Amino acid sequence: MSYREDARSFYERYSQLEERDQTRISKLVNKLLSMNFLCRAKETDREDYYFCVRYEAIFKAYFSLMDYDLKINKQNEVVAITNREGYNHLQLRLNESLILLILRKMYYKKMNTLSLNDNISMRIGELHEEILATNRFDKRIGKSELGQIIRLFKRYNLVDMIGDVGDDDSVLILYPSILYAVSIARIEEVERKIDALAKGESGNEENHENEAD
């Protein structure tokens, strides 16, 4: 669809909406530009997710005018945006990349044991065990660094935290958006990338939080 057609499609649909819905669309556009993902599994995103599904055509046309693609995966119930020109990609540091891949691996391992209505989660103690299992570290990663990494992933709607990062029994909720942040289908490939990073290979590797399938 051309820019002219996108603009016409957006205007025709948008102009028929009530003012409150127009205002909400504006707020959700900004939310997606800052977070990249919306997840129905996240309580604070639930109504926003359904609103995006309802007005999918409007959102698609609007984002297309900015050279973004909006995709809604109704199986995993995730809304994701990607920039066609590759802008706004986040370059992660090595430890951030390593932990993101570990979380993706754990999501894969746990997703087949739960129902669609259950949140996938892991304890902070489990995460420490997985990090140490890479043999990259002689001791546990520090509370301050791990907390900073988790806050970064929370900002992009990849995870949520219940409890304190310093408590092994605290719970880390893994959202299905992580499937699109790390768009690797095979667990063997995820594990290969973890091994490579743990050995210090591909140290400048980029992981793109807005890279959706």
Side-chain angles (χ1 to χ4, degrees), residues 1-92 100 103-104 107 111 114-121 150-162 172-185 206-213:
M1 188 178 292
S2 67
Y3 287 117
R4 185 186 298 273
E5 290 171 326
D6 285 331
R8 184 185 299 115
S9 175
F10 173 77
Y11 177 76
E12 289 175 352
R13 291 175 168 86
Y14 184 80
S15 60
Q16 295 176 19
L17 298 179
E18 295 183 5
E19 184 177 354
R20 64 182 180 183
D21 287 336
Q22 292 177 343
T23 299
R24 188 170 184 184
I25 284 174
S26 177
K27 290 181 178 178
L28 284 181
V29 165
N30 286 316
K31 184 175 182 178
L32 277 164
L33 286 171
S34 65
M35 292 184 168
N36 286 42
F37 301 109
L38 293 177
C39 302
R40 192 212 62 83
K42 185 176 182 179
E43 186 174 350
T44 55
D45 280 359
R46 191 161 299 161
E47 293 303 317
D48 290 341
Y49 169 81
Y50 287 123
F51 188 85
C52 283
V53 171
R54 181 180 179 185
Y55 295 111
E56 180 178 0
I58 292 178
F59 282 102
K60 281 182 176 291
Y62 186 90
F63 276 109
S64 183
L65 291 169
M66 297 190 293
D67 286 330
Y68 277 85
D69 289 320
L70 178 136
K71 298 181 181 180
I72 300 179
N73 186 301
K74 294 178 182 177
Q75 178 180 355
N76 294 311
E77 298 178 312
V78 173
V79 180
I81 60 170
T82 57
N83 185 276
R84 296 169 187 164
E85 303 300 323
Y87 298 132
N88 300 326
H89 284 182
L90 178 66
Q91 184 171 346
L92 300 180
L100 180 61
L103 295 178
R104 175 64 179 87
Y107 188 96
M111 66 186 292
L114 300 173
S115 73
L116 292 176
N117 295 321
D118 291 328
N119 281 324
I120 293 176
S121 64
I150 290 174
R151 285 192 297 273
L152 174 65
F153 295 160
K154 282 181 65 176
R155 194 194 327 157
Y156 286 93
N157 258 0
L158 303 177
V159 304
D160 234 329
M161 182 82 183
I162 301 175
L172 195 61
I173 298 172
L174 311 180
Y175 290 124
S177 48
I178 204 165
L179 297 172
Y180 309 98
V182 183
S183 54
I184 303 173
E206 287 185 356
N207 290 279
H208 305 305
E209 270 67 24
N210 61 352
E211 189 170 271
D213 287 332

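This structure is a prediction, so every number in the text was calculated from the model and none was measured.
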- prompt: At what distance, to the nearest 0.5 angstrom, does OH of Y156 lie from CG of L100?
  reply: 12.0 Å
message: Taking the side chain as everything from C-beta on, heavy atoms only, tell me whether L28 gets closer than 4.5 Å to V79.
response: no
query: Residues two or more places apart in sequence or in another chain: which of them pass side chain to side chain donor-acceptor pair (under 3.5 Å) with D160?
result: Y175
- line: Residue set satisfying side chain to side chain contact (heavy atoms under 4.5 Å, CB included) with R4, at least two apart, ordered chain then number -> S2, R8
statement: In short, I81 meets L32 closest at the heavy-atom pair CD1-O, 3.3 Å
message: Checking Y11 now: which residues fulfil side chain to side chain contact (heavy atoms under 4.5 Å, CB included) with it, not counting sequence neighbours?
response: S15
query: When rounded to the nearest 0.5 angstrom, what distance separates CG in L174 from CD1 in I120?
result: 7.0 Å
With sequence neighbours excluded, residues passing side chain to side chain donor-acceptor pair (under 3.5 Å) with R151: none
query: Residues two or more places apart in sequence or in another chain: which of them pass salt bridge (charged side-chain N to carboxylate O under 4.0 Å, His left out) with D21?
result: none
message: A side-chain contact here means heavy atoms from C-beta on lying under 4.5 Å apart; do Y180 and N36 qualify?
response: no
- prompt: Can you tell me how far the CD atom of E85 sits from the CG atom of D67, to the nearest 0.5 Å?
  reply: 5.5 Å
task: Could I get the full list of side chain to side chain contact (heavy atoms under 4.5 Å, CB included) partners for T23, not counting sequence neighbours?
output: E19, K27
- line: Scanning both residues in full, the closest heavy-atom pair of K42 with N157 reads NZ-OD1, 2.7 Å
task: For the residue pair R40 and P176, establish whether any side-chain heavy-atom pair is separated by less than 4.5 Å.
output: no
field: Set of salt bridge (charged side-chain N to carboxylate O under 4.0 Å, His left out) partners for R24, sequence neighbours left out
entry: D48
task: For residues Y62 and I25, determine if any side-chain heavy atom of one lies less than 4.5 Å from a side-chain heavy atom of the other.
output: no
- prompt: Can you list the residues that meet the side chain to side chain contact (heavy atoms under 4.5 Å, CB included) rule with R155, with sequence neighbours excluded?
  reply: L152
- prompt: Nearest heavy-atom pair of L70 and I72: which atoms, and what distance?
  reply: CD2-CG1, 3.8 Å
query: Roughly how far, to the nearest 0.5 Å, is the CD atom of E43 from the CG atom of N119?
result: 10.0 Å
task: Could you pull out the closest heavy-atom pair between R46 and A41, with the gap in Å?
output: NH2-O, 3.7 Å
field: salt bridge (charged side-chain N to carboxylate O under 4.0 Å, His left out) partners for D45, two or more places apart
entry: K31
query: Is there a side-chain contact between F10 and I58 (heavy atoms, below 4.5 Å)?
result: yes
Partner residues of E18 under the side chain to side chain donor-acceptor pair (under 3.5 Å) criterion, sequence neighbours left out: R20
field: ring pair (Phe, Tyr, Trp, His ring centres under 6.0 Å) partners for F51, two or more places apart
entry: Y55
- prompt: Rounded to the nearest 0.5 Å, what separation is found between the CD1 atom of I150 and the CG atom of L158?
  reply: 12.0 Å
statement: Between N83 and M66, the two heavy atoms sitting closest are ND2-O, 4.2 Å
message: Can you tell me how far apart CZ (R104) and CG (L179) are? Round to the nearest 0.5 Å.
response: 4.5 Å
- prompt: So do F37 and I178 actually touch side chain to side chain, heavy atoms under 4.5 Å?
  reply: no
task: Could I get the full list of ring pair (Phe, Tyr, Trp, His ring centres under 6.0 Å) partners for F63, not counting sequence neighbours?
output: none
message: Please determine whether side chain to side chain contact (heavy atoms under 4.5 Å, CB included) holds for the pair K74 and Y49, giving the CA-CA distance in whole Å, both sets of side-chain angles, and the decisive distance to 0.1 Å.
response: CA-CA 10 Å; K74 294 178 182 177; Y49 169 81; 4.0 Å; yes
